Structures are given as C-alpha cells and as structure tokens.
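Keep in mind it's a predicted model, so treat the numbers as computed, not measured.
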Amino acid sequence: LGKPGLYAEMLRRFTQGQGTVLAELRQALAAEDAESGAALAERLAHTLRSVAANIGAQGVAERAQALEQALRARQEGRVLEGLLSALGDALQPVLEGLRAWNAEAVVRPRQPDTAVDAADAVEHLHGLLLQDDPAAPEFLQHNATMLKAALGNAFKTVEMHTLNFDFEQALEAMASGSGHST
C-alpha cells in the first residue's frame, strides 16, 4: 500500500510474535484441562490466520484457518496432528525466510543515528520519513530532546504519527510545525 516501512515492521512483528506458535499450539492441546487448552489453541490459530493473511502468507493463513475450524468442531487426535503438521510445513519456510531477510536488514549499513545539531536531526528524520524507513521511530526516540526543541509544539504530533508508522501524517506535522517543506 505504498508504505514499505510499515510492511517491514509488520514482517518483523510476525516473525517475533508467531515464531513459537507451533510449540504454543502443541502445549495448549496437551493441557490437562482439555477444554481450556482447546480454546487457547483455537485463539492461537485464529490469530495466526489473521496476521498471516495481513502479510500475504496465504498458505499459512489457509492452514491456520483449517486448524481453527477443526478445533471449533472439536476434532481430536490424528486430525489435529495432521493439520498441525501441514501448518508447520507452510509456516516454517515463511519464518526462515523472514528471519534471513531480517538478519540481512540488520547488517545493512544505515545512516548514522546521531545528529550534529537540531537542524541536522530534523533533516535526518525528514529523510527517514520520506523513505518510509522503519528506523524513523528509533531515531526520533534517540534524538527526542533535540527534535522537541527544533519542532516546538509540533513535536508531540510528529512523535505520535512516527511511532504509529503513519509517516505521511508525521511529515505533514513537521511541515506545519517547523516550516520544513515536504
């Protein structure tokens, strides 16, 4: 949707949030209280289905939906094991690919996160926002004191939008608050 920085952050969150979901599903299904375990497993499958669909991992979303439906229908044993296995077969390559991509992104050199003065900090943040760079929120947080002094009353609005990855709105707030042209 024209927001690569936001999508990159969604991919990172997917990897972090869903990296252990198979183990969590198995643990929930092995719980002593079968009813609460099945309910937890159903919620985990539902969440995985939703977030996988959000990032475009359709095969994972479809298998998670099949597991969710089987849990809702109170299926047991081999049926659930087969669905968990199919889900793992679809999920593992996605997670491995995203972990490799993330490791490459971390190693890739970035512009320095330190600025010489307030004007440089504003200029650097502006550049990060223009590029939809997911480093913008971290840069803002590390240079908040300088940016607050430079942006004045607009800082809180710029901060809110930047931390929410709404970089277009942050750029508009910067332009209105600092006289910086976008």
Side-chain angles (χ1 to χ4, degrees), residues 1-25 43-61 64 87-88 90-182:
L1 299 174
K3 296 189 178 266
L6 177 59
Y7 185 63
E9 185 60 24
M10 287 173 62
L11 294 175
R12 283 186 194 93
R13 288 182 185 190
F14 179 86
T15 306
Q16 290 172 345
Q18 301 304 310
T20 59
V21 72
L22 289 173
E24 292 169 15
L25 282 162
R43 282 193 307 275
L44 290 168
H46 176 80
T47 299
L48 177 58
R49 176 182 60 86
S50 298
V51 295
N54 282 343
I55 66 164
Q58 203 55 40
V60 174
L87 178 58
L91 180 61
Q92 286 310 115
V94 171
L95 289 172
E96 288 169 12
L98 288 174
R99 286 181 184 125
W101 166 81
N102 193 41
E104 181 183 311
V106 169
V107 172
R108 196 177 311 134
R110 287 196 171 162
Q111 296 175 343
D113 282 351
T114 57
V116 175
D117 62 20
D120 287 342
V122 169
E123 198 64 38
H124 187 73
L125 178 61
H126 183 263
L128 292 171
L129 295 171
L130 276 175
Q131 296 170 12
D132 281 327
D133 192 319
E138 184 177 351
F139 179 82
L140 181 135
Q141 289 173 324
H142 285 286
N143 295 281
T145 303
M146 226 181 307
L147 290 165
K148 189 173 188 176
L151 296 173
N153 293 335
F155 175 77
K156 283 291 183 195
T157 305
V158 171
E159 179 183 42
M160 176 189 68
H161 290 304
T162 301
L163 296 178
N164 288 325
F165 291 89
D166 189 351
F167 296 161
E168 286 179 37
Q169 291 293 318
L171 284 166
E172 287 180 25
M174 276 181 85
S176 67
S178 70
H180 197 287
S181 60
T182 53

Problem set entry | Side-chain H-bond candidate by donor/acceptor type, R49 with H46, under 3.5 Å | yes
Problem set entry | Nearest-0.5 Å distance that lies between atom CZ in F165 and atom CG in D132 | 10.5 Å
For this session: Check A64 against A45 and note the closest heavy-atom contact, atom names and distance.
Result: CB-O, 3.6 Å
Problem set entry | 4.5 Å side-chain heavy-atom contact, T15 and N102 | no
Exercise. Once you round to the nearest 0.5 Å, how far does CG of L125 lie from CG of L171?
Worked result: 8.0 Å
Exercise. Between CD of E138 and CG of N143, what distance do you get to the nearest 0.5 Å?
Worked result: 10.0 Å
Seminar exercise, completed: Between the CE atom in M174 and the CD atom in Q169, the distance rounded to the nearest 0.5 Å is 14.0 Å
For this session: Start with the C-alpha distance between L95 and F14, add both sets of side-chain angles, then the distance that settles side-chain contact (heavy atoms from CB on, under 4.5 Å), and finish with yes or no.
Result: CA-CA 8 Å; L95 289 172; F14 179 86; 4.0 Å; yes
Seminar exercise, completed: CG (N54) and CZ (R13) are apart, to the nearest 0.5 Å, by 12.0 Å
For this session: State, with a plain yes or no, whether a side-chain heavy atom of L98 is found less than 4.5 Å away from one of I55.
Result: yes
For this session: Would you mind reporting whether P134 and R12 have side-chain heavy atoms less than 4.5 Å apart?
Result: yes
Problem set entry | Smallest separation among heavy atoms of Q92 and L22, with atom names | OE1-CD1, 3.6 Å
Exercise. So which heavy atom on V60 is nearest to which on A52, and how close?
Worked result: CG1-CB, 3.7 Å
Problem set entry | Minimum side-chain heavy-atom gap L87-L25 below 4.5 Å | yes
Seminar exercise, completed: Of all heavy-atom pairs linking H124 and F139, the shortest is CD2-CE1, 3.0 Å
For this session: Check for a donor-acceptor pair, side chain of D133 on one end and backbone N or O of A135 on the other, with a separation under 3.5 Å.
Result: yes
Problem set entry | Reported CD-to-CG distance for the pair Q18 and L44, which is rounded to 0.5 angstrom | 8.0 Å
Problem set entry | Lys/Arg-Asp/Glu bridge criterion (N-O < 4.0 Å) met for R99, E96 | no
Exercise. Quick one: are T162 and Q141 in side-chain contact, heavy atoms under 4.5 Å?
Worked result: no
For this session: Can you see which heavy atom on T157 is nearest to which on A173, and at what distance?
Result: CG2-CB, 3.7 Å
